[in-house]
Amino acid sequence: MSESHVWDEVDAYFTAHLAPDDEALAAALRDSDAAGLPHINVAGNQGKLLQLLAQIQGARHILEIGTLGGYSTIWLGRALPADGRLVSLEYDPRHAEVAVRNIARAGLDKQVEVRVGPALESLPKLADENPPPFDLVFIDADKANNPHYVEWAIKLTSTGSLIVLDNVVRGGRVVDADSTAPDVTGTRAAIELIAGHPRLSGTAIQTVGMKGYDGFALARVLA
């Protein structure tokens with residue numbers, strides 16, 4: 001049995017017992033697939049991890065950068081209290097259209113707002129609204145702009161907030177200091193920003209599973 005097959009089997013076991021999809025989550029994946037969206041959504045057990053992190057935070061305000069079809073958005077939205085709010089930023093209008101339908105079917109359309117356009121244009125507009133500090137920020141968008149997203153996350157959070165940066169391993173290429181690939185240089189810049197920023201304490205974890213070899217970084221806002 002290959003290593004990747006074992007990873008898939010273990011992920012399937014954990015997900016079936018600890019993070020099974022209900023109809024809204026399963027439908028979100030089906031509709032995303034039918035619409036031709038890329039298969040880059042988080043796995044079910046990763047979605048549950050996001051939900052648990054938001055619940056541990058006691059999150060009332062969540063920011064997501066990168067909506068895709070809304071699968072991770074649903075997991076995060078379900079962690080909110082009745083008066084909570086989640087703002088999700090999506091570049092592609094077609095992805096956003098699918099996500100809005102999926103989110104509404106999950107009964108979260110009153111709490112979740114999907115904003116369409118380049119995140120680096122949406123984030124300043126969001127900041128101009130002077131929203132309450134976000135308790136959790138999940139970054140899962142174009143990797144070249146990761147350091148810019150982390151900088152905006154710092155601006156839009158406060159002491160104790162949590163920043164989650166997904167897909168940081170890049171198939172192991174993150175260790176290549178000579179790489180000129182935008183996803184690698186962007187991810188390395190974000191990791192180095194977290195490491196050196198006086199307001200952040202962070203770590204990063206490698207993972208294996210049905211999504212292959214990957215990982216994520218966590219950073220807590222200190223002050």
Side-chain angles (χ1 to χ4, degrees), residues 4 7-8 11-12 14-16 19-51 53-54 62-80 84-123 125-126 136-146 148-149 152 164-171 181-183 186-187 207 209-216:
S4 62
W7 301 343
D8 291 350
D11 252 9
F14 287 153
T15 300
D21 283 343
D22 58 19
E23 178 52 34
L25 288 165
L29 293 178
R30 285 198 305 268
D31 284 8
S32 295
D33 186 57
L37 272 60
H39 296 168
I40 55 173
N41 54 277
V42 301
N45 54 352
Q46 295 166 340
K48 182 65 175 290
L49 174 62
L50 291 172
Q51 184 184 84
L53 289 172
I62 297 174
L63 173 62
E64 179 181 50
I65 304 175
T67 317
L68 194 61
Y71 184 74
S72 58
T73 319
I74 294 170
W75 279 108
L76 286 166
R78 288 176 169 176
L80 289 169
R85 181 191 186 210
L86 190 158
V87 177
S88 187
L89 309 181
E90 174 53 46
Y91 174 80
D92 191 313
R94 185 170 60 92
H95 295 181
E97 183 180 348
V98 173
V100 167
R101 290 198 302 268
N102 288 334
I103 291 162
R105 181 171 46 221
L108 294 168
D109 48 310
K110 299 294 191 296
Q111 294 171 284
V112 176
E113 177 188 3
V114 178
R115 300 190 180 190
V116 183
L120 292 181
E121 295 178 9
S122 299
L123 287 163
K125 295 175 183 176
L126 178 61
L136 185 146
V137 179
F138 177 48
I139 302 170
D140 189 13
D142 60 300
K143 310 311 173 188
N145 282 313
N146 272 341
H148 304 300
Y149 298 146
W152 273 107
V164 183
L165 178 64
D166 204 10
N167 308 128
V168 298
V169 171
R170 314 310 305 155
D183 64 320
T187 299
T207 62
M210 63 179 61
K211 293 297 178 178
Y213 174 42
D214 208 337
F216 60 91

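For the numbers below, each heavy atom of this structure counts, side chains included, while hydrogens, waters and symmetry mates do not. Bear in mind the structure is a predicted one, so any value in this text is a computation, not a measurement. Position 1 is the first residue of the sequence; numbering continues from there.
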Flag the pair [X] / [Y] as yes when at least one side-chain heavy-atom distance between them is below 4.5 Å, and no otherwise.
X: Leu68; Y: Pro38; value: yes
X: Val168; Y: Asp214; value: no
X: Ser72; Y: Phe138; value: yes
X: Lys48; Y: Trp75; value: yes
X: Val164; Y: Asp140; value: no
X: Arg115; Y: Glu113; value: yes
X: Leu25; Y: Arg78; value: yes
X: Leu136; Y: Leu53; value: yes

Go through the steps for Val42 and Lys211 under the test side-chain contact (heavy atoms from CB on, under 4.5 Å), then give the verdict. CA-CA 8 Å; Val42 301; Lys211 293 297 178 178; over 6 Å; no

Looking only at non-hydrogen atoms, find the nearest pair between [X] and [Y] and report the distance.
X: Ile74; Y: Ala28; answer: CD1-CB, 4.0 Å
X: Trp7; Y: Tyr213; answer: CZ3-N, 4.3 Å
X: Thr15; Y: Gly44; answer: CG2-CA, 4.3 Å
X: Gly77; Y: Leu86; answer: N-CD1, 3.7 Å
X: Thr67; Y: Ala99; answer: CG2-CB, 3.6 Å
X: Asp21; Y: Ala26; answer: CB-N, 4.1 Å

Verdict with supporting geometry, Asn167 and Ile40, side-chain contact (heavy atoms from CB on, under 4.5 Å): CA-CA 10 Å; Asn167 308 128; Ile40 55 173; over 6 Å; no

[X] side chain to [Y] backbone, donor-acceptor under 3.5 Å:
X: Asp11; Y: Gly209; answer: no
X: Gln51; Y: Leu76; answer: no
X: Gln46; Y: Ala43; answer: yes
X: Lys143; Y: Arg170; answer: no

Straight-line distance of [X] [atom1] to [Y] [atom2], nearest 0.5 Å:
X: Leu63; Y: Ser88; atom1: CG; atom2: OG; answer: 8.0 Å
X: Thr73; Y: Glu90; atom1: OG1; atom2: CD; answer: 9.0 Å
X: Trp152; Y: Leu89; atom1: CH2; atom2: CG; answer: 11.0 Å
X: Asp8; Y: Ser4; atom1: CG; atom2: OG; answer: 6.0 Å
X: Leu165; Y: Ile139; atom1: CG; atom2: CD1; answer: 5.5 Å
X: Ser32; Y: His95; atom1: OG; atom2: NE2; answer: 9.0 Å

Lys125/Glu121 under salt bridge (charged side-chain N to carboxylate O under 4.0 Å, His left out): CA gap, chis, key distance, verdict: CA-CA 7 Å; Lys125 295 175 183 176; Glu121 295 178 9; 5.1 Å; no

Passes side-chain contact (heavy atoms from CB on, under 4.5 Å), Leu37 versus Arg94? Steps please. CA-CA 9 Å; Leu37 272 60; Arg94 185 170 60 92; 3.8 Å; yes

Please indicate whether Tyr91 has more than 12 foreign heavy atoms, meaning atoms of other residues, nucleotides or ligands, lying under 6.0 Å from its OH.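 Counting other residues, nucleotides and ligands, OH of Tyr91 stays at 12 neighbours or fewer.
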
Under the criterion side-chain contact (heavy atoms from CB on, under 4.5 Å), I'd like the reasoning laid out for Arg85 against Leu80: C-alpha separation, chi angles, the key distance, then a yes or no. CA-CA 7 Å; Arg85 181 191 186 210; Leu80 289 169; 5.6 Å; no

